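For the numbers below, each heavy atom of this structure counts, side chains included, while hydrogens, waters and symmetry mates do not. All of these numbers come straight from a predicted model, not from anything done at the bench.
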Amino acid sequence: NVITHSSSDGILFERSSNNTISGNNLYYNARNGLYIFISDNNAVTSNSIKDNWNQGIYLQIGSGNLISGNTIINRPGQTGEVSGIYFSAANNNLISSNYIYDNEGSGYGIYVGIYDGPSQDNYIVGNQINGAGYIDPNTPPTYDRRIYDAGTNTAYTDKLKMTFEKKIVTVTSEFSP
């Protein structure tokens, strides 16, 4: 599917669960490329999302969703808070292997927010994020805008933020010199 120049979101899923959203081209829409609202257990994979007015993918109030293998590119020169992937009150979601580029302005590559309630126990794994935050060749960024995390218990395996779960390992050996 190719969805362009919509006066609203490219795709909106509201109170809809157990869907696969894959292989879409979502360009130049007036709101979000893909907006998932109060929806659980959806797979968002292999979509191309480019130059939408707000977020590339906005997940608001949902759990058990997979967002993986998407390419999200926003307008160079964008102003305002626009993020590649933005979620709020979203729990137990997996965000993996996405390519997020050119989220200029005051947005982030991935934004874990708490506007609608806490975002807890999400996993952010192996995403490639470039060009997030203000782009001005004369002024270096004041801080890293690739991932913003206001959630709790977010687990990462990226170079940007590494967390490890505490494990107890018992090793027995019968070695004798």
Side-chain angles (χ1 to χ4, degrees), residues 3 6-22 24 26 29-47 49-74 78-101 103-129 132-133 143-158 160-165:
I3 301 172
S6 165
S7 61
S8 187
D9 301 298
I11 296 176
L12 166 64
F13 273 74
E14 183 173 349
R15 299 177 194 276
S16 183
S17 297
N18 303 307
N19 299 291
T20 298
I21 306 159
S22 184
N24 298 289
L26 308 172
N29 296 295
R31 293 194 54 195
N32 304 292
L34 173 60
Y35 183 25
I36 303 169
F37 181 62
I38 310 177
S39 299
D40 302 322
N41 303 313
N42 295 294
V44 178
T45 62
S46 303
N47 296 288
I49 301 170
K50 182 178 178 185
D51 295 335
N52 295 285
W53 189 254
N54 290 335
Q55 319 310 327
I57 297 173
Y58 186 4
L59 173 58
Q60 183 179 19
I61 310 173
S63 66
N65 294 290
L66 167 68
I67 298 175
S68 183
N70 300 287
T71 299
I72 303 167
I73 302 172
N74 281 325
Q78 171 75 5
T79 60
E81 191 160 310
V82 174
S83 296
I85 299 172
Y86 183 104
F87 51 107
S88 181
N91 304 305
N92 299 303
N93 297 290
L94 173 60
I95 313 306
S96 70
S97 304
N98 297 287
Y99 176 69
I100 303 168
Y101 188 75
N103 290 287
E104 296 183 9
S106 58
Y108 292 85
I110 298 174
Y111 186 99
V112 182
I114 56 172
Y115 178 76
D116 300 294
S119 291
Q120 301 173 335
D121 302 314
N122 293 292
Y123 294 89
I124 299 175
V125 181
N127 298 283
Q128 182 178 349
I129 303 170
Y143 56 93
D144 190 340
R145 298 187 72 84
R146 288 177 279 187
I147 297 176
Y148 175 84
D149 185 6
T152 55
N153 298 322
T154 303
Y156 302 88
T157 59
D158 293 324
L160 302 172
K161 297 184 177 184
M162 292 276 268
T163 58
F164 299 95
E165 294 182 19

Specify whether Y58 and Y86 have parallel, tilted or perpendicular ring planes, treating 30° as the upper limit for parallel and 60° as the lower limit for perpendicular. perpendicular

Separation of F13 CZ from I38 CD1 (nearest 0.5 Å): 15.0 Å

Go through the structure and list residues passing side-chain contact (heavy atoms from CB on, under 4.5 Å) with N24, not counting sequence neighbours. N1, I11, I21, L26, N47

Of all residues at least two apart in sequence or in a different chain, which pass the side-chain contact (heavy atoms from CB on, under 4.5 Å) check with S97? S68

Quick one: list whatever passes side-chain contact (heavy atoms from CB on, under 4.5 Å) with S17, sequence neighbours left out. D40

Determine whether a donor-acceptor pair (N or O, by modelled atom type, separation under 3.5 Å) exists between the side chain of N91 and the backbone of Q120. yes

Could you tell me whether the side chain of N93 and the main chain of L66 form a donor-acceptor pair under 3.5 Å? no

Considering all heavy atoms of both residues, which atom of S46 and which atom of S22 are nearest to each other, and what is their separation? CB-OG, 4.0 Å

Please name all residues satisfying side-chain hydrogen bond (donor to acceptor under 3.5 Å, both in side chains) with N19, sequence neighbours left out, ordered by chain then number. S16, N42

To the nearest 0.5 Å, what is the distance between CD (E14) and CZ (F37)? 5.5 Å

Can you list the residues that meet the side-chain hydrogen bond (donor to acceptor under 3.5 Å, both in side chains) rule with Q60, with sequence neighbours excluded? Y35, D116

Distance col, row T154:OG1 vs D121:CG, nearest 0.5 angstrom, shows 8.0 Å

The side-chain hydrogen bond (donor to acceptor under 3.5 Å, both in side chains) partners of N98 (sequence neighbours excluded) come to N70, N127

With distance as the sole test, does D9 use its side chain to make a donor-acceptor pair with the main-chain N or O of N32 at under 3.5 Å? yes

Atom pair CG/CG of N18 and N41 - distance to nearest 0.5 Å: 5.0 Å

Kindly say whether S8 contributes a backbone atom to a donor-acceptor pair with the side chain of S6 at under 3.5 angstrom? yes

